[in-house]
Visitor: 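Shown below is the structure under consideration.
The chains referred to below are lettered A, B, ... by the order of the sequence lines, with proteins before strands, and numbering in each begins at 1.
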Amino acid sequence: MPSSTRPTIEDVDIFHGPLRYWFLENKRDLPWRRMFWNAYAVWVSEIMLQQTQVATVIPYFERWMCSFPTVESLANAELEEVLQHWSGLGYYARGRNLHRAAKMVVDGYNGSIPQEQPALLKLPGIGRYTSGAILSIAFNQPEPLVDTNVIRVLSRVFAIAGDPKSSAVSETIWKFAKQLMPDGTASDHNQALMELGATLCIPVDPRCPRCPLVGICVAGNSPDPTLFPQLAPGRATVQQSHTSVIIERNGKYLMVQRYLNGLWGGLWEFPRRVANKGETALQCAIRAAKEVVGLEVVPMETVATVKHAVTHHRIVLTGVLAVWQLGEPTRLDCAELRWLTLDELDSVATSSPQSTIISKTKQKYRTSGVIQKEIPFEA
DNA sequence: AATACGGGGAT
DNA sequence: ATCCCAGTATT
């Protein structure tokens, strides 16, 4: 096979031989690979790994499997506990969907994970990729799978032009993936493609000399292997300021639960306001405290400021302390409301920036005791 | 077909 | 700062 020519589907032997041997020799020791016979473990890991890197997932996966070792245990758990285990992992609909799907598997399939694609696709949170992953990795069925790793590997090997996010190019890649499926070694094969994309065929500075596919790879034999895939440029990020108001009364702190839909759905946080156009972080903080506490003048102190990136937003979250003793909080648009002690703050599911504000609050309380300090009102 | 949905790590 | 990541659901 001349390296300048685009390889044909006749070159599949390279995938089934050298690529598979490379994988068996070089695969990383990952928690879910110690439980391969367990389709539930594969399922959980695949949901957690959606858009999330291996290193981030590992501790979450281990805690999860410890608390919810079976489909039944997950189905019987409270959503509250499920979200708590997902707290900080992001894309929280994944956790809610996994919980809902576990109930469906227990109720509709007697607790056994379906082994047919149509049934899997009916479960919330399982799409084309994840169904392929469960069928091939857990059940060794010859079902293809395409994730960003596979996109990168195949678009480089076969010099597939165009934006792989577009439906046309995506279908092309799925077609290649399907034709490459081997008999009897689907599990190794799909993992090998992804492992290659994760460790050698990486976005920047790919390690082509060590790659088992270098003999047939078009991009790998070109001056610049990173010309593929031809990804479209991403969107610019927008900055946004938020303010959380930390309200203490009789040693308890006011927390609100967000609605299930939307950003950070179902998670708990200190009452929050988004800055208006042209409003500075400080102005937003003053307004937020006034609105939530319902007083004209509120003594306050900034506990922490967290910069955080979500999707195409850059969020600056400021935590402001407001000591407050009169009446009830106002203008709280939330699913539920609770007063929690400092220690109980850790017992609810929170987003990553919110958990930072909480830990800074506790730190400040423990080191200076400032939160206990009486600040006189000037209503 | 486009957009919403997190958060951490690498460069 | 910017890109990237074991994608899915909704519009």
Visitor: Between A:H313 and A:V204, just flag the one whose closest nucleotide in DNA chain B comes earlier from the 5' side.
Guide: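 The 5'-side residue here is A:H313.
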
Visitor: If you look at every strand shown and take non-hydrogen atoms under 4.0 Å, does A:L145 touch a base, only sugar-phosphate, or nothing?
Guide: nothing

Visitor: Does one side chain, of A:Y129 or A:E46, offer a donor that lies under 3.5 Å from an acceptor on the other?
Guide: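 Yes - a donor-acceptor pair under 3.5 Å links their side chains.
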
Visitor: With sugar-phosphate meaning primed atoms plus P, OP1 and OP2, does A:W86 contact a base, only sugar-phosphate, or nothing at under 4.0 Å between heavy atoms?
Guide: nothing

Visitor: Across the strands shown, which category fits A:L30 at heavy-atom distances under 4.0 angstrom: base, sugar-phosphate, nothing?
Guide: base

Visitor: For atom P, what is the distance between C:dT11 and B:dG6, given to the nearest Å?
Guide: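 Looking at atom P only, C:dT11 and B:dG6 are 15 Å apart.
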
Visitor: Between C:dT8, C:dA6, B:dG8, which nucleotide gets closest to the side-chain atoms of A:S352?
Guide: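 Comparing C:dT8, C:dA6, B:dG8 against the side chain of A:S352, the answer is B:dG8.
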
Visitor: Of A:L121 and A:L49, whose closest DNA chain C nucleotide lies nearer the 5' terminus?
Guide: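 The residue mapped nearer the 5' terminus is A:L49.
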
Visitor: Classify A:S351 by what it touches in the nucleic acid, base, sugar-phosphate, or nothing, heavy-atom distance under 4.0 Å.
Guide: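 Sugar-phosphate: the residue A:S351, judged by heavy atoms under 4.0 Å, touches backbone atoms but no base.
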
Visitor: Heavy atoms from C-beta onward define the side chain here; which of B:dG6, C:dC4, C:dA6 lies closest to that of A:E46?
Guide: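 Selected nucleotide: C:dA6.
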
Visitor: Please determine if A:R20 forms a cation-pi arrangement with A:F23, meaning its NZ or CZ atom is less than 6.0 Å from the six-membered ring centre and no more than 45° off the ring axis.
Guide: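 That pair does not qualify as a cation-pi contact.
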
Visitor: Side-chain heavy atoms nearer than 4.5 Å, only ILVMFWY residues, links allowed to pass through others: does that put A:V12 and A:L145 together?
Guide: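 Yes, because A:V12 and A:L145 connect within a single hydrophobic cluster, where side-chain heavy atoms sit under 4.5 Å apart.
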
Visitor: When we call it a touch if two heavy atoms are under 4.0 Å apart, what does A:G262 touch: a base, just sugar-phosphate, or nothing?
Guide: sugar-phosphate

Visitor: Is it true that A:E195 and A:R33 make a salt bridge, defined as a side-chain N closer than 4.0 Å to a carboxylate O?
Guide: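 Salt bridge: yes.
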
Visitor: Can you figure out which of C:dG7, B:dG7, C:dA6 approaches the side chain of A:Q51 most closely?
Guide: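 Looking only at side-chain atoms, A:Q51 lies closest to C:dG7.
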
Visitor: Write down the distance between CD (A:Q239) and C1' (C:dT2), rounded to a whole number of angstrom.
Guide: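 Rounding to the nearest Å, CD of A:Q239 and C1' of C:dT2 are 15 Å apart.
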
Visitor: Base, sugar-phosphate or nothing for A:R33? Non-hydrogen atoms, less than 4.0 Å.
Guide: base

Visitor: Give a yes/no on whether any side-chain N or O of A:W32 is located under 4.0 angstrom from OP1 or OP2 of C:dA6.
Guide: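 A:W32 to C:dA6 OP1/OP2: no side-chain N or O under 4.0 Å.
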
Visitor: Say whether A:H85 and A:S67, considering side chains only, have a donor N or O and an acceptor N or O under 3.5 Å apart.
Guide: yes

Visitor: Send over the distance from A:K165 NZ to B:dA1 C1', rounded to a whole Å.
Guide: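 It is 13 Å, rounded to the nearest whole Å.
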
Visitor: When the distance from CD1 of A:I315 to C1' of B:dG6 is rounded to whole Å, what number comes out?
Guide: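 Spelled out: CD1 on A:I315 to C1' on B:dG6 is 10 Å.
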
Visitor: Considering only C:dT8, C:dC5, B:dG6, which nucleotide approaches the side chain of A:T311 most closely?
Guide: B:dG6

Visitor: Assign A:A55 to base, sugar-phosphate, or nothing according to its heavy-atom contacts below 4.0 angstrom with the strands shown.
Guide: nothing

Visitor: Does C:dA6 have its OP1 or OP2 closer than 4.0 Å to a side-chain nitrogen or oxygen of A:T148?
Guide: yes

Visitor: Measure the distance from CD1 on A:I202 to P on B:dG9 and round it to the nearest whole Å.
Guide: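 Atom CD1 in A:I202 sits about 17 Å away from atom P in B:dG9.
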
Visitor: Side chain of A:T56 only, please: which of C:dA6, B:dG8, B:dA1 is the nearest?
Guide: B:dG8

Visitor: For A:T356 and A:S359, test the side chains for any donor-to-acceptor distance below 3.5 angstrom and give the result as yes or no.
Guide: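 No, A:S359 and A:T356 have no side-chain donor paired with an acceptor closer than 3.5 Å.
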
Visitor: Is the shortest side-chain N/O distance from A:H308 to OP1 or OP2 of B:dG7 below 4.0 Å?
Guide: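 The answer is yes; a side-chain N or O of A:H308 sits under 4.0 Å from OP1 or OP2.
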
Visitor: Between B:dG6 and A:Y91, counting only base atoms on the nucleotide and side-chain atoms on the residue, is there a donor-acceptor pair under 3.5 Å?
Guide: yes

Visitor: Can you tell which of C:dG7, C:dT2, B:dG6 lies closest to the side chain of A:D147?
Guide: C:dG7

Visitor: Closest approach to the side chain of A:R235, judged atom by atom: which nucleotide of B:dG8, B:dT3, C:dA6 is it?
Guide: B:dT3

Visitor: Write down the distance separating the C1' atoms in C:dA6 and B:dT3, rounded off to the nearest Å.
Guide: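 My reading of the C1' atoms in C:dA6 and B:dT3 gives 22 Å.
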
Visitor: Rounded to whole angstrom units, what separation is found between the NE2 atom of A:H189 and the P atom of C:dA6?
Guide: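 Taking NE2 of A:H189 and P of C:dA6, I get 17 Å after rounding.
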
Visitor: Would you mind classifying the nucleic acid contact of A:G88 as base, sugar-phosphate or nothing, using non-hydrogen atoms under 4.0 angstrom?
Guide: sugar-phosphate

Visitor: Report the distance from atom CZ of A:R94 to atom P of C:dG7, rounded to the nearest whole Å.
Guide: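 Taking CZ of A:R94 and P of C:dG7, I get 9 Å after rounding.
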
Visitor: Nearest 0.5 Å, please: how far is CG in A:L200 from CG in A:N26?
Guide: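 The distance works out to 7.5 Å.
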
Visitor: Specify the separation, in whole Å, of atom CZ of A:F23 and atom C1' of C:dA6.
Guide: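 A:F23 atom CZ is separated from C:dA6 atom C1' by 12 Å.
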
Visitor: Find which nucleotide of DNA chain B each of A:L89 and A:A168 is nearest to by heavy atoms, and output the residue with the more 5' nucleotide.
Guide: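 Result: A:A168.
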
Visitor: In terms of side-chain heavy atoms of A:V54, which of B:dG8, C:dA6, B:dA1 is nearest?
Guide: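 Of the candidates, C:dA6 comes closest.
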
Visitor: Identify, between A:R28 and A:P124, the residue whose nearest nucleotide on DNA chain C lies closer to the 5' end.
Guide: A:R28

Visitor: Give the nucleotide from the list B:dG8, B:dG6, C:dA6 with an atom nearest to the side chain of A:M194.
Guide: C:dA6

Visitor: Please report, rounded to the nearest Å, how far the P atom of C:dG7 is from the CH2 atom of A:W174.
Guide: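 Distance check: A:W174 CH2 to C:dG7 P gives 11 Å.
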
Visitor: Would you mind classifying the nucleic acid contact of A:R96 as base, sugar-phosphate or nothing, using non-hydrogen atoms under 4.0 angstrom?
Guide: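 Counting heavy atoms under 4.0 Å across all strands, no contact is made by A:R96.
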
Visitor: So what does A:T130 hit on the nucleic acid, given a heavy-atom distance under 4.0 Å: a base, only sugar-phosphate, or nothing?
Guide: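 If one applies the 4.0 Å heavy-atom cut-off, A:T130 turns out to touch the sugar-phosphate alone, with no base involved.
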
Visitor: From the set B:dG6, B:dG8, C:dG7, return the single nucleotide nearest to any side-chain atom of A:V310.
Guide: B:dG6

Visitor: Answer yes or no for A:R258 and A:W268: cation-pi contact, defined as NZ/CZ to six-membered ring centre under 6.0 Å and angle to ring axis within 45°.
Guide: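 So A:R258 doesn't make the cation-pi contact.
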
